[in-house]
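Labels below follow one simple rule: chain letters A, B, ... track the order of the sequence lines, proteins then strands, and each chain is numbered from 1. All heavy atoms count here, side chains included; hydrogens, waters and symmetry mates do not.
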Amino acid sequence: MSDTQIDIALTVNGEPVSERVDARKTLVDFLRDDLGLTGSHIGCEQGFCGACTVRVDGEIVRGCLMLAAQCDGATVETIEGLSDSGEIADLQKAFAERNALQCGYCTPGMITAAQDLLQRGGVPSRDEIREHLSGNYCRCTGYHAIVDAVEAVAEARAGGRK
Amino acid sequence: MKPAPFAYKKARTLDEAMALLGGQPDARLLAGGQSLIAGLNMRLSAPSLLIDINGIAGLDGIALKDGKVEIAALTRYAAAERSDIIAKHAPLIARALPHIGHVAIRNRGTLGGSLAYADPAAELPACLLALDGEVEATGPKGKRSIKAVDFFKGLFETALRPDEILTALRLPAAGKDSRVGFAELARRHGDYAMVGLAASARAAGKGLADVRLAYFGVGATAVRAKKAEAALEKSDVEAAVAALDLDPPDDVQATGATKKHLAGVLLRRVAQQLMEAA
Amino acid sequence: MKITEDSPPVLTVLDRPNSYIGRSVPRPNLQRLTQGRGQYVSDVSLPRMAHVAFLRSPHAHARIVKIAADKAKKAPGVIAVVTGAEVAKVMTPWVGVLTHLKGLKSAPQYPIAVDRACWQGEAVCAVVAKTRAQAEDACELVEVTYEELPVVADPETALDPKTPVIQPELGDNLCFERKLEVGEPDKAFASSDAVIETTFLFGRHTGVTTEPRAVVADWNEGEQRLTVYQGTQAPHMMQNLFAKHLDLAEQQVRVITKDVGGSFGIKVHTYADEMATVALSKLLKRPVKFVADRIESFVTDIHARDHRIKAKIGVNNDGTITAFEIDDLTGIGPYSVYPRTSGIEANQVVNLVGGPYTTPNYRAVARVVFQNKNVMCQYRAVGHPIAVAVTEGLVELAAAKIGMDPLELRRRNLLPDDNYPAQSAAGLKFEKLSHHETLAHLDALMNYAGLRAEQKKLRENGIYRGIGFASFIEVTNPSAAFYGVGGAKITSQDGATLKLDAQGHISVHTGVTEQGQGAEAVMAQVAATSFGVPLDRVRVVTGDTDNTPYGGGTWASRAAGIGGEAAWQAGKALRANVLAVAGSMLQTKPETLDIRNGVVVDAASGSERLTLAELARVAYFRPDTLPAGVQAELMATRHYVPRAYPFAFTNGVQASWLEVDVETGFVKLLKHWVVEDCGTIINPQLVDEQMRGGVVQGIGAALFEHCLYDERGQLLNGNMADYLVPMAMEMPDIECGHVVSPTADSELGAKGAGEAGTAGAPACVMNAINDALRPLGAQPLTDMPFTPEKILRALGKV
């Protein structure tokens with residue numbers, strides 16, 4: 001290990017990971033290139049599109065605005081992990097049924113952000129959903145279907161209550 | 001684009017961070033990184049060393065001390081949003097926070113980092129100025145306080161010395177007669193504002209005293225509109241608008257003239273917030 | 001005939017038992033994408049793969065005097081530093097012209113600039129390294145000496161004699177010019193009760209696909225074969241072009257397109273950097289990957305819409321529109337884009353203005369000029385957003401002028417629903433449109449009268465809301481008339497191959513591609529219905545030139561209408577083949593049998609005779625038991641191309657309801673409606689979502705998106721902070737309605753639905769803003785995008 005090659009040990013999707021990374025490598029590049037977790041996407045590398053949204057220590061972050069080196073000791077969850085744990089199965093089902101994705105490139109980040117909102121509990125209004133997802137760019141859907149899908153899951157999780 | 005190569009050091013103590021900072025002229029501190037890393041990713045800057053201060057114990061937290069709200073530098077926006085102290089004693093900050101970026105950005109971005117970065121379109125520097133707050137800078141020779149008015153020197157430029165670290169910000173805690181107002185105009189939710197206004201005042205009878213209007217997005221730093229403040233203290237909103245002596249530069253979103261007009265609109269809206277509460 | 005969710009469809013040939021036509025079934029394979037298990041080109045990694053980064057010209061126009069690459073060649077990880085001259089040795093240049101756009105000219109374009117860079121962002125050198133970061137590091141070490149040349153930025157002066165000519169061998173900066181005059185426009189204007197003239201401006205904007213352009217090229221020296229993984233809309237077109245410019249046989253080239261992170265017309269063109277990547281793979285004999293980053297996307301992905309149109313409408317007090325006139329000027333960058341050319345958008349504008357109306361008098365001039373900016377070419381709804389905004393903007397200005405309700409004015413001029421086939425003044429041929437029915441449907445859907453009342457009431461409280469409309473027509477299902485007749489190797493036909501496997505499932509191999517619009521679902525629904533199996537027994541294969549029939553891919557809203565019909569016909573052919581085998585196995589006439597729900601049944605009674613699995617078992621493993629002379633053909637291919645009409649026009653009408661903050665000039669979108677007619681609807685949900693996504697893309701153009709250049713040809717806002725794309729918070733809910741007029745050109749009757757939303761939305765938003773501001777005496781806004789500043793100027797506030 002030097003100051004440009006950093007050893008990190010972290011938990012990714014429940015699995016312990018130890019790697020030596022370039023100091024300059026962003027978290028999303030690390031996930032994609034080093035771990036093969038290509039579900040986190042790169043859309044702008046500038047923090048504007050949200051395609052790289054992942055969870056670090058329970059909170060959603062931009063994978064392009066954190067360095068892998070910063071994740072020593074962290075718990076990272078990506079779309080692959082969230083999928084396999086079943087945590088977002090209802091959101092994924094709703095997105096598919098409502099066709100709330102087209103090309104699918106924004107979808108992992110979008111669903112991860114939506115889950116962050118729904119974890120707060122209650123049934124958010126459509127405006128609250130739009131606001132929470134306002135940092136996640138989708139060029140295909142026009143957002144309406146995404147809002148529908150998230151709203152439907154919020155209602156279902158709240159026991160069908162409107 | 002990928003960042004140019006740099007070295008990375010995780011500082012465990014403030015002293016270690018300062019030693020690293022002193023040892024390398026083009027080192028940069030890495031706090032929340034939400035602006036810094038975006039810039040690195042575009043190769044807009046290429047520091048030789050990043051000193052990660054996120055692991056330094058005691059550098060985050062919000063406390064009420066001697067009539068002041070003290071926010072340690074590494075406090076993240078999201079933590080501030082959840083803070084009862086902020087909600088109760090720093091209502092201007094509470095109003096500004098939801099306008100800053102998006103949830104994922106606010107989970108990482110820090111209040112200290114925003115002030116040290118000194119983006120002229122950012123909300124927090126204007127809030128600090130409007131509240132007559134101060135920052136605490138820690139250097140090899142110890143700590144010093146710098147008033148907001150003295151802190152923001154120019155475009156992305158502050159009074160921090162190269163070997164100093166911004167360690168906290170302090171704001172006077174809101175009292176019973178404190179009044180605050182906040183409004184900004186951004187093309188899209190979470191964008192940097194075209195124009196924004198953070199304001200504080202003290203209710204005095206039916207009017208306002210100690211009005212402080214701090215605009216952002218209108219120049220190289222957040223700026224006070226002192227003539228308008230004086231007019232507002234006389235409860236004359238239109239005179240305050242007429243007295244706005246801002247000269248915003250053109251940018252890709254709007255001309256300076258448009259920004260100046262919008263500054264007037266915001267003044268009317270914020271004045272109403274200040275007066276309604278009064 | 002009308003199909004809405006509440007009215008059952010009229011029975012047609014499509015209403016086979018277990019029909020999936022008209023049903024909103026979920027798309028296959030979506031969970032792959034929701035789980036992050038798609039495979040986009042940016043995810044592809046191959047053994048020995050290298051990464052390329054391009055050094056790009058910082059100048060809009062400059063001679064490349066010298067490239068010093070010694071330092072870069074020695075940098076860590078660097079495999080090669082390659083100049084334009086070196087790439088030109090293995091790849092020939094191209095010229096983007098079409099013979100049917102008479103007079104259109106352009107200069108040869110090279111994969112990497114050879115001696116001159118003609119726009120800011122044009123690649124001047126390639127660096128191939130082990131990682132992208134190392135390639136970028138080395139780019140910083142390449143020293144290029146430039147001699148700056150005069151920049152042609154403004155289209156208005158591009159043709160002035162004193163303006164330098166960008167491509168000297170062409171003689172001038174005119175790429176293409178078209179003039180059209182129909183009827184007697186001058187006479188019509190002279191005798192009109194009112195003539196309204198204005199100038200419309202359309203801001204240059206771009207696609208900002210969420211996944212930037214990406215390509216992995218893999219030249220296998222041992223096999224002498226090139227495999228290209230590319231996020232493209234047209235794999236076969238690219239196969240042809242790679243082969244042609246590398247001097248290979250098409251057989252030596254395979255193009256694979258898996259998941260694509262958004263296309264919208266951005267990914268149907270030849271990009272110099274992608275061509276260079278392919279050439280580099282051949283040169284270096286190893287896989288080379290190029291993924292554009294967002295910054296280079298902004299200066300290299302095609303731009304579109306940069307048009308200035310002087311326009312005129314004549315109207316009589318009874319509401320008759322007497323004539324339209326336009327003068328279009330557009331700057332398209334230094335080259336016409338290959339192979340579709342950059343003349344098409346202006347050509348479409350000329351074709352489409354006035355298209356929904358009976359107005360017989362029309363004059364149009366369009367000039368397409370070269371300039372030193374990034375290239376422009378076809379982007380979702382090509383020309384339509386411009387033509388619709390001009391036409392519908394004029395129509396609403398005319399309505400305001402004569403004091404007539406804008407819907408009423410349209411009713412008096414739209415082509416009548418009961419008089420088809422019909423033709424527009426510009427000569428477009430319409431098989432069957434439904435302007436009046438869609439308009440009536442919209443009127444009811446949005447509660448127009450109620451909204452007008454609400455608008456009036458709110459105005460009294462100083463709240464300024466506006467309602468804007470746009471009727472439109474849209475080009476879909478293009479025949480060879482679009483490109484083929486002009487000499488481009490862009491096929492308008494498409495094919496589908498259906499194969500019955502040994503378990504009685506079918507696979508559909510189609511030449512159309514999936515860009516997220518749902519082509520796979522449409523193919524599956526059509527094939528399942530046509531052949532007669534449940535949807536879960538159908539697998540669709542797309543995007544592989546080795547494994548799909550030759551086809552055009554996805555563009556001009558063709559996948560469902562053309563690819564779908566091919567799949568429909570292939571399904572019928574395979575059903576006939578299967579029933580022939582079944583007939584011989586069952587000792588009965590095939591005509592008495594059918595395939596329903598995956599089972600061979602007696603057609604009359606519906607009773608089960610044979611499972612497909614059993615039939616396949618016999619055909620594949622015990623063919624010896626079939627009667628002599630019976631050979632099972634369990635694979636069938638059909639192709640289709642529209643022949644009766646050059647294009648299947650669709651139509652519709654949109655409305656926008658919004659509020660303008662007259663103090664700040666900010667616009668809040670409240671609601672948007674679309675009623676469209678795309679013929680037979682295969683999957684209503686997918687049609688609605690095409691509308692919604694398209695509308696928001698059009699709203700982006702109307703309110704936010706603008707590639708801002710300075711007079712030196714420098715893009716000022718080429719990043720996602722400063723170039724504003726529509727985000728969730730500012731977008732409205734969008735309600736959709738449908739009218740169905742199938743095309744008789746195909747059995748399926750489907751027309752395209754991919755671009756109508758984008759075609760009409762900008763016009764609607766413009767008209768709604770002007771409607772909101774009309775009581776304040778504001779100057780009508782005609783300069784997109786409508787920023788707060790422009791609105792404040794119109795209000796006289798700045």
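With a threshold of 4.5 angstrom between heavy atoms, E663(C) approaches chain B through its backbone and through its side chain. With a 4.5 angstrom heavy-atom cutoff, R294(C) does not touch chain B via any of its atoms. If you measure heavy-atom distances from R269(B) to chain C, the contacts under 4.5 Å come from the side chain alone. The part of M720(C) that comes within reach of chain B is its backbone (N, CA, C, O), which places non-hydrogen atoms under 4.5 angstrom from that chain. Both the backbone and the side chain of L716(C) come within contact range of chain B, each with at least one heavy atom under 4.5 Å from a heavy atom of that chain. In this structure, chain C has a heavy atom under 4.5 Å from the backbone of A186(B), while its side chain stays farther away. Of the atoms belonging to D661(C), it is side-chain heavy atoms, and not backbone ones, that fall under 4.5 Å from chain B.
No side-chain donor-acceptor contact under 3.5 Å links E184(B) to the backbone of G196(B).
Between chain B and the residues L708(C), V291(C), T664(C), N717(C), the most heavy-atom pairs under 4.5 angstrom are made by T664(C). With respect to chain C, the highest number of heavy-atom pairs below 4.5 Å among M42(B), H261(B), R43(B) belongs to R43(B). When the candidates L262(B), L266(B), V265(B), T255(B) are compared by the number of heavy-atom contacts under 4.5 Å with chain C, T255(B) comes out ahead. Ranked by heavy-atom pairs under 4.5 Å with chain C, the first of A4(B), P3(B), P5(B) is P5(B).
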